[in-house]
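To start, the structure itself, in structure tokens.
Order of the sequence lines sets the chain letters (A, B, ...), proteins ahead of strands, with each chain counted from 1. Keep in mind that this is a model prediction, so the values were computed, not measured.
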2 protein chains.
Amino acid sequence: MAIAEDTRERILEAAAAAFAEKGFEAATIRDICQRAGANLAAVNYHFGDKEQLYLELIQRAHRLREQQVPLPHWPAGTPAAEKLRGFIRTTMVRMVEDPAPQWQMQIMMREMFHPTKTCQALVQDFFRQHFELLLSILRELVPLESDEKLHLIGFSIIGQCLHYRVARPVVELLVGADENAGYTADLLAEHIADFSLRALGVPGRNGQPRQEAAR
Amino acid sequence: MAIAEDTRERILEAAAAAFAEKGFEAATIRDICQRAGANLAAVNYHFGDKEQLYLELIQRAHRLREQQVPLPHWPAGTPAAEKLRGFIRTTMVRMVEDPAPQWQMQIMMREMFHPTKTCQALVQDFFRQHFELLLSILRELVPLESDEKLHLIGFSIIGQCLHYRVARPVVELLVGADENAGYTADLLAEHIADFSLRALGVPGRNGQPRQEAAR
DNA sequence: AATCGTTTCATACGCTTGTTTGAATTGATT
DNA sequence: AATCAATTCAAACAAGCGTATGAAACGATT
């Protein structure tokens with residue numbers, strides 16, 4: 001019983017790594033079971049089949065995301081610009097950092113771009129949650145813009161963040177390994193926030209710095 | 001002879017579609033040959049094996065890109081801001097529009113994010129070319145910034161563009177099918193250019209419009 | 001100590017994949 | 001009309017995949 005739960009857990013761990021690395025079809029049950037030190041038939045016994053194993057993993061990823069890197073929640077009166085900075089920072093931590101095993105975000109991404117019917121709903125509201133929060137901040141920040149314009153602005157911000165997850169190999173190739181190594185969540189988040197707030201015509205933290213700032 | 005060249009060509013066409021849709025491993029030779037109306041063994045006969053067929057396709061994509069949507073070239077004295085607008089517009093056309101069969105960009109992308117050793121070099125300088133051009137424009141636009149900062153700015157711009165290729169399913173899901181249908185290369189390019197130029201502190205076309213602009 | 005439900009294991013089945021092979025077909029050249 | 005290289009074809013191959021099965025091993029309960 002205790003042992004059973006144990007191999008179940010080991011399989012989930014191994015599957016997480018495998019699915020994140022190679023995707024659903026490319027990852028093989030044989031590889032997963034070998035990494036988990038379990039028998040080939042273990043997946044069938046504990047989960048039924050490959051797809052249900054994957055489904056359970058997605059649900060787990062969804063749950064863990066919320067616990068480990070919750071979306072920020074601000075006290076009333078927080079300036080909208082500060083909220084945007086917080087939002088971007090949280091997003092970047094989720095994108096590039098490794099506080100929890102990073103297979104979670106990796107799988108959510110893969111699931112979004114190559115959807116599996118089984119868990120569309122789950123992944124959908126994961127992204128919708130983020131987007132709605134971002135929109136509410138933007139509405140506060142530039143109340144005069146139309147909804148359509150706000151959507152575009154939202155994508156401009158998300159696009160900047162996503163780039164460092166989705167195109168990381170390209171980034172490293174273009175700036176070199178050293179500079180790439182310095183791209184921490186904090187550094188990137190600050191740049192993206194500065195860039196975006198300026199684009200929105202919101203003055204920087206100390207009046208309007210920049211020009212001449214970095215060297 | 002003439003017939004042989006013909007099936008060779010048909011296979012290349014079919015393979016382009018298949019690889020772009022499903023990627024290298026997921027696309028099957030059987031499917032490709034069926035679409036091409038050729039025998040299963042035709043790939044082996046004309047190309048040797050699956051990988052060499054893929055390689056030939058990448059080379060072709062690389063060549064065609066240059067011909068069909070060349071990077072813009074400006075007369076001396078063109079304002080840097082105008083160059084940036086042109087660069088972004090060209091990029092967006094390559095990203096979302098379908099002037100040539102769009103498998104070309106699709107395959108280049110896939111090759112970048114899931115590299116195949118065989119054609120790293122080819123794909124690398126495809127991206128490097130773009131990036132260097134963008135950097136040269138930015139240097140002209142904000143000459144006071146350091147190279148590191150320029151890299152970040154470059155990624156902010158590319159990230160915004162890439163988003164509409166890489167995350168298009170998410171985009172459609174978040175704004176609905178109607179609004180998504182209105183996202184032409186022109187519309188998106190103009191937004192991204194406005195957004196980015198403002199972020200760089202470069203005044204818009206007519207002084208400093210925006211706020212109250214779109215409705 | 002014997003029993004019984006739970007979990008592991010080795011093995012095999014059916015299917016799809018990329019690749020190979022040797023015969024059939026074709027179309028131009030002699 | 002005969003010949004011959006180039007091309008097509010049906011069929012088969014080994015290898016890998018997800019899944020299914022029935023026997024073995026295990027642990028708690030009687």
Integer-rounded Å distance: [N] [atom2] and [X] [atom1]:
{"X": "Arg30(A)", "N": "dC15(C)", "atom1": "CZ", "atom2": "P", "result": "16 Å"}
{"X": "Ile29(A)", "N": "dC13(C)", "atom1": "CD1", "atom2": "P", "result": "19 Å"}
{"X": "Asp49(B)", "N": "dT21(C)", "atom1": "CG", "atom2": "P", "result": "14 Å"}
{"X": "Arg8(B)", "N": "dA6(D)", "atom1": "CZ", "atom2": "P", "result": "15 Å"}
{"X": "Leu40(A)", "N": "dG18(D)", "atom1": "CG", "atom2": "P", "result": "9 Å"}
{"X": "Lys50(B)", "N": "dA15(D)", "atom1": "NZ", "atom2": "P", "result": "18 Å"}
{"X": "Gln34(B)", "N": "dA10(D)", "atom1": "CD", "atom2": "C1'", "result": "15 Å"}
{"X": "Tyr45(A)", "N": "dT6(C)", "atom1": "OH", "atom2": "P", "result": "7 Å"}

Does the side chain of [X] get closer than 4.0 angstrom to OP1 or OP2 of [N] through an N or O atom?
{"X": "Asn39(B)", "N": "dA10(D)", "answer": "yes"}
{"X": "His46(B)", "N": "dT8(D)", "answer": "yes"}
{"X": "Thr7(A)", "N": "dT8(C)", "answer": "yes"}
{"X": "Asn44(B)", "N": "dT19(C)", "answer": "no"}

May I ask you to say what Ala27(A) touches in the nucleic acid, namely base, sugar-phosphate or nothing, with a heavy-atom cut-off under 4.0 Å?
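Answer is sugar-phosphate: Ala27(A) comes under 4.0 Å of backbone atoms only.
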
Decide, yes or no, whether a salt bridge links Asp194(A) with Arg198(A) under the criterion of side-chain N to carboxylate O below 4.0 Å.
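Salt bridge: no.
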
Can a salt bridge be assigned to the pair Glu25(B) and Lys50(B) using a cut-off of 4.0 Å between side-chain N and carboxylate O?
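The answer is no: the pair does not qualify as a salt bridge.
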
Side-chain donor-acceptor contact under 3.5 Å, His130(B) with Thr91(B)
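On atom types as modelled, these side chains do not qualify, holding no pair under 3.5 Å.
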
Please state whether the rings of Phe131(B) and His151(B) are parallel, tilted or perpendicular, taking 30° and 60° as the class boundaries.
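Tilted.
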
Hey, which sits more toward the 5' end of DNA chain D by its nearest nucleotide, Ala41(A) or Ala26(A)?
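Nearer the 5' end of the strand: Ala26(A).
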
Quick check on Gln34(A): does its CD atom have over 12 non-hydrogen neighbours (other residues, nucleotides or ligands) under 6.0 Å away?
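Open: at most 12 neighbouring heavy atoms sit under 6.0 Å from CD of Gln34(A).
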
